[in-house]
Amino acid sequence: MGLATGCLYALIALAMVIIYKTSEILNFSQGELAMVGAYIAFLLLDTLGLPFAVALPLTFLLSMALGALCELLFLQPARERARVIPLILLWGFTLFVLYLAGFVEPGVPVSLAVIVLVFAVWMTAETFSKRPLRKPTLLGLIIITLGLEMVLYGGAGGIWGSSQERLPALVSDTAGFEVGQVYLSGLDLITFGGSVLVMLLLFLFFRYSRLGIAMKATAQNPLAARLMGIRPGRIYSFTWALAALVGAFAGLLTASAQPLDNNLMMEPLLKGFAAAVLGGMHSLAGAVLGGCLLGVIESLVAGYLPDGTQYKSTVAFMIIILVLCIRPSGLLGRHYVKKV
Amino acid sequence: MDLQKSYKEDIRLFKKPSALVAFLGLIAGLIAFPFLMLKVSGGSYYINAVNLIAIYAIVAVGLNILVGYTGQISLGHAGFFAIGAYAQALLVVQGDVPVLAALIVAGLIAAVFGLLLGLPALRLEGPYLAIATLGFGMAVCQIIGRLDFLGGRMGFSVPPPGLSGWVKAWLAHLYSPELAVDAPQYAMYLLIIPICVILTIAAVNLMKSKIGRAFVAIRDSEVAAETIGVNLTRYKTTAFAVSAFYTGIAGGLYAHHMAFINPESFDLRLSIMFLAMVVVGGLGSVLGSHLGALLITLLMFALTAVRDVPEIIFGGIMILIILFEPLGLRGRWLKIKFYWKAWPF
Amino acid sequence: MTRKLMIILSILSAAMLVTGCPPKEEAEAPAEEPAKPAEPEQPAKADAAKTGVTDDTILVGQWSPQTGPAALWGAVARGTAAYFEMINAEGGIHGRKLKLLIRDDSYQAPKTKAAVMELAEKEGVFAFVGGVGTGPGMAVKDYLKEKKIPWIGPASGSSKWTGEFNRYLFSLYPTYTDEAKGLVRYLLETAKKGKIAMLYQNDDYGKEGLDAAKAELKKHGKELLAEVSVEMTDADLKSHVLKLKQAKPQAVILFVLPKHAAIAVGTAAKLKFKPLWVSTSTLSDAPLMHKITKGLWDGVVFDTFLELPDSDHPRVKKYREAYEKYGLKANPKEQWGLFFMAGFVFAEPFVEAVKRAGPDLDREKLVEALESLDKWDDGIGHNITFGPERRQGQKAVFLATCKQGKAVKLTDWIEIE
């Protein structure tokens, strides 16, 4: 039973590992990408009333686009020392803040708006001063994903409001049937099946498709990959699109079993991250293994210990720490020896 | 010129007379500030804000020691913060220990936990270390929530420091009984600011010392550091312990500041906020920590008036600062300094 | 090393010094205030008491989780805003319009504190109305008390508001203890279901309910068959529901958030576990609950302390018009339901008291006017009673159930003693 939840964790873990493998970035906005995916589905299914056959693929496509867009707008400029896109972002943001300060009541305090404006002008002036730009550190990139997470969270909250919604589900999560001691619902089956399918597809993709191999190459040595004719920029965007896709799938599954609001994926993100670490950040199989293990451990603790429901997360994390003490790179991770 | 003629000069606290003057000016300003606020209407609001900024600045300095100088990562600093806060609460309320002594003990208790966390951290790095620290932070909150003598989930009320009674009488006598009501705020100011200044100077000193250099060596290259004789175990755990000590003391101050603590307030969001302060402010720089704490806290306060989408603004500002100024606010400050120095070239 | 040593030594010696200092602070240990005022408190000085009142405006403040994990409750503040606009459209009170200043604290205590200080000192509000959250509220409770700023209707049923007598804090929400008592009594006496289990949130809300339920059951010689706690962040409740099911109860008391109730009920259906669910007023928005449980909410019994959002009560209808006129205009995504209405119920006594205090309004008069409320029933609450020594305004609830997505009254108002 914990396996179903574990599969959800596994999906998020997979998404995070995909991005990590290619660029060593911890994508903290993974959860929100999934959440927005679920909201997109809600928009299509509930508000626009589209049928499932149309809405689902559209959701996936749009999520992929969103992922790629995020990477292009926010991460790529940081990496590639580009100038134009950050400026666009900067001015877009400044205008947004000014709009809030002027036209929406209660809005942003004027002092804040002024500061942002000054910052924008200053940065623009500097961009044209031909001074070499510095690249953010890895930690900086991670903070960017954190900022992105907040933007997505706030954005979804602003667009869809704070009330709880319910996603129309293809398969019921309540009509269930017994299999021995365990109760399963249609949704559980889809979760299992879907996750396994995703795993297999990803495995095949990375091993056999040109794009997959290109991604692995970029991960190992971006410069060499470039020499071979691969454009790292495109690869990174696609990586995010792929991760967003997997995340959207997880988001849909999660939103089918509980009310939808913008807090949907906060906890699964955490668990997914932990699962990815448990399994090894460089290993896709590890992500799945980690996810399933985490789900099962939590279920066992919650089920068999008195008051276990309070402890399950803590115990799970303790176990992860223990495992990390023994295997510092996760269960299936490969310990990369650093050359000096 | 920056010519240094001796080792002593290299580790001097104030490299130039102008730095010393600036520092003294700051101190004068800090002393004058509360008196000014007594005259301003709504003054205690600003004092409250400055108090919180100072508390977070202490945490940021501590975290920067770990992340910026030693190159580790921690997503669980809210755990040390909580340990400090609860230790302080217990000592002062149940143990009747005087506030200052309790603060030091709270810091030491947090440092012990820091040491404990540092041990498994020796072998971990990057995301693995992040998760380990995250787990620690979560565990702390869970366990505190379970312990009824710490108030459990219902929280714990903490009285203002004894100093507050003194300040109250003094204010009533010198100003007016209405202002005396604000005494807790001013008393906390009296308590927090000196501690913040002392800890900041201590941090700067520490980073210039052998220990600080060892930290930086570890950050830049662990293998090379070990080769030249830096004992990784000793220094890494020390880094954790010192970082935890700072955060613990800040936690103790926070307990008095908020007058009420409950486990929910020390969650992952807080740890992430601390990390953001350090990165946005400037890694590896005490000044950066202060700037980061200042920015993030002010932003937090300013956004309470925004109705719909404060998170977008918060996140947006973070992203833009990193994009345009990867070295953080401190990097920007350095650029200004150099520009000024090199003018008119 | 010497430098560090010196620093440590100096800190220690400073500590010694200060602790040796004036012993009077130690003796000034916070005195335990009994539930009644021990000595006559100095009423607020004349000018301070008039803060926030001008010839044409009364400034009122409220903190609210407009964003963050508790954003669902953000509707409360918006409800109060709509209510005030409605009152203003009717001419205000004694020629003054009510102006509500809302600050978003995202349910974080430091932000609540900053917001309250800003509103109290910089904006100079007259009083605070509403205010979601026990944690955030506790952070500002003492400050408001010290400053002698009236606070009416905290949007939380914690018993902490009335534990210690506080002249300026008027609680309206019946305590969680009272609600739990009401639910248990209903189960034992009316529904005749003695085998009871409980699912509770692991915080002061759930814990207070748990303790009260257990105490009430003990009085009748019974015990809870199972008590299972839910963390705020939990999303998978299979283990929880299994534990409940294993205890084989006839009824389960829910002291949780809407999200968890929805998941619990859904999971239970999957596990073929169908007890009688009873819940608190937090889950009393039947149409909302029906929607998010995809219809499984039918048959659930809950208590509530204000008229039902879809009832025909004339006041409810009037407020609904206010929602359409003002609420939707301010926020097109606004939903009509419990949380929005709660913004009205916490402010009604305040408005009544302002009326009673007369044109010469100040904080002390407001307190006296509030104290004059005795079984006041003109709002959507019931029998609001305050007094010189009573600060818990409402102790009455009534029970209802959900039938096909609509709430249906089961009992009349019940006073909980």
Side-chain angles (χ1 to χ4, degrees), chain A residues 20 24 26 28 74 77-78 86 89-90 93 96-97 100 104-109 111-112 116 119 123 126 134-137 139-144 146-155 157-158 270 273-274 276-278 281 310-311 313-314 317-318 320-321 324-325 328-330 338 340, chain B residues 67-68 73 119-120 122-132 134-136 138-139 141-143 145-146 221-224 227 268 272 275-276 278-280 283 298-299 302-303 305-328 331-332 335:
Chain A
Y20 189 77
E24 294 246 331
L26 289 175
F28 276 102
F74 297 99
L89 278 180
L90 179 64
F93 181 74
F96 179 62
V97 170
L100 282 184
V104 176
E105 182 68 53
V108 175
S111 45
L112 185 61
V116 171
F119 181 72
M123 289 301 121
E126 198 177 271
R134 264 199 122 130
K135 293 197 319 188
T137 62
L139 206 50
L141 289 173
I142 294 179
I143 296 287
I144 292 186
L146 272 172
L148 185 58
E149 186 256 327
M150 289 189 211
V151 169
L152 286 172
Y153 180 83
L270 208 59
F273 182 27
V277 164
L278 177 61
M281 287 300 287
Q310 286 181 23
Y311 286 132
S313 301
T314 315
F317 272 96
M318 289 296 109
I320 294 183
I321 294 183
L324 286 177
C325 285
S329 285
K338 277 216 194 88
V340 182
Chain B
V67 176
I73 187 171
L119 288 173
L122 290 173
R123 299 232 283 166
L124 304 173
E125 48 143 24
Y128 308 100
L129 182 57
I131 287 289
L134 206 157
F136 169 75
M138 282 189 63
C141 279
Q142 270 289 345
I143 295 180
R146 283 294 283 175
S221 169
E222 278 190 25
V223 181
T227 326
L268 178 62
I272 290 183
L275 194 62
V278 164
V279 178
V280 165
L283 285 168
L298 285 182
L299 211 52
L303 291 175
V306 177
R307 195 187 68 187
D308 263 329
V309 286
E311 289 107 351
I312 294 189
I313 300 190
F314 200 92
I317 290 186
M318 269 174 51
I319 295 178
L320 287 170
I321 290 184
I322 301 281
L323 271 181
F324 283 95
E325 192 45 77
L327 287 181
R332 183 53 38 179
K335 287 202 176 107

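All of these numbers come straight from a predicted model, not from anything done at the bench. Order of the sequence lines fixes the chain letters, A, B, ..., with proteins taken first and strands second; residue numbering starts at 1 for each chain.
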*asked:* Can you tell me which of A:Glu149, A:Met281, A:Glu24, A:Met150 forms the most heavy-atom pairs within a distance under 4.5 Å of chain B?
replied: A:Met150
*Contact part of B:Ile317 toward chain A, heavy-atom cut-off under 4.5 Å: side chain, backbone, both or neither?*
both
_Heavy-atom closest contact (A:Leu26 atom, B:Pro127 atom, distance)_ = CD2-CB, 3.7 Å
*Which distance, rounded to the nearest 0.5 Å, do you find between the CZ of B:Phe314 and the CG of A:Leu146?*
10.5 Å
_From CZ (A:Phe119) to CD1 (B:Ile321), nearest 0.5 Å_ = 5.5 Å
_Using side-chain contact (heavy atoms from CB on, under 4.5 Å), reason through B:Leu134 and A:Leu270 one step at a time and then give a plain yes or no._
CA-CA 9 Å; B:Leu134 206 157; A:Leu270 208 59; 3.9 Å; yes
*Tell me, side chain or backbone of B:Val67 under 4.5 Å from chain A's heavy atoms, or both, or neither?*
side chain
*Is chain B contacted by the side chain of A:Ile321, its backbone, both, or neither, given a heavy-atom distance below 4.5 Å?*
side chain
*Write down the atom of B:Leu323, the atom of A:Leu89, and the distance for their closest heavy-atom approach.*
CD1-CD1, 3.9 Å
*Pick whichever of B:Val278, B:Leu268, B:Val279, B:Ile272 has the most heavy-atom pairs under 4.5 Å with chain A.*
B:Val279
*So do the side chains of A:Phe93 and B:Ile313 get within less than 4.5 Å of each other, counting heavy atoms only?*
yes
_Contact between B:Met318 and A:Ile143 at the side-chain level, heavy atoms closer than 4.5 Å - yes or no?_
yes
*Do you know which two heavy atoms are closest between A:Met318 and B:Gly135, and how far apart they sit?*
CE-O, 4.0 Å
_A:Leu90 versus chain B, the contacting section by heavy-atom distance below 4.5 Å_ = both
_Need one label for B:Leu299: side chain, backbone, both or neither, based on atoms under 4.5 Å from any heavy atom in chain A._
side chain
*Contact class of B:Leu129 relative to chain A, heavy atoms under 4.5 angstrom*: neither
*Name the option with the most non-hydrogen atom pairs under 4.5 Å to chain A; the candidates are B:Leu124, B:Ile73, B:Thr227.*
B:Leu124
*Can you say whether B:Leu119 sits under 4.5 Å from chain A via the side chain, the backbone, both, or neither, judging by heavy atoms?*
neither
_Straight-line distance of A:Leu141 CG to B:Ile319 CD1, nearest 0.5 Å_ = 11.5 Å
*So how far is it from B:Met138 CE to A:Ser313 OG, rounded to the nearest 0.5 Å?*
4.5 Å
*Do the non-hydrogen side-chain atoms of B:Ile131 and A:Phe317 ever get within less than 4.5 Å of each other?*
yes
*Can you measure from CG (B:Leu275) to CG (A:Leu139) and round to the nearest 0.5 angstrom?*
5.5 Å
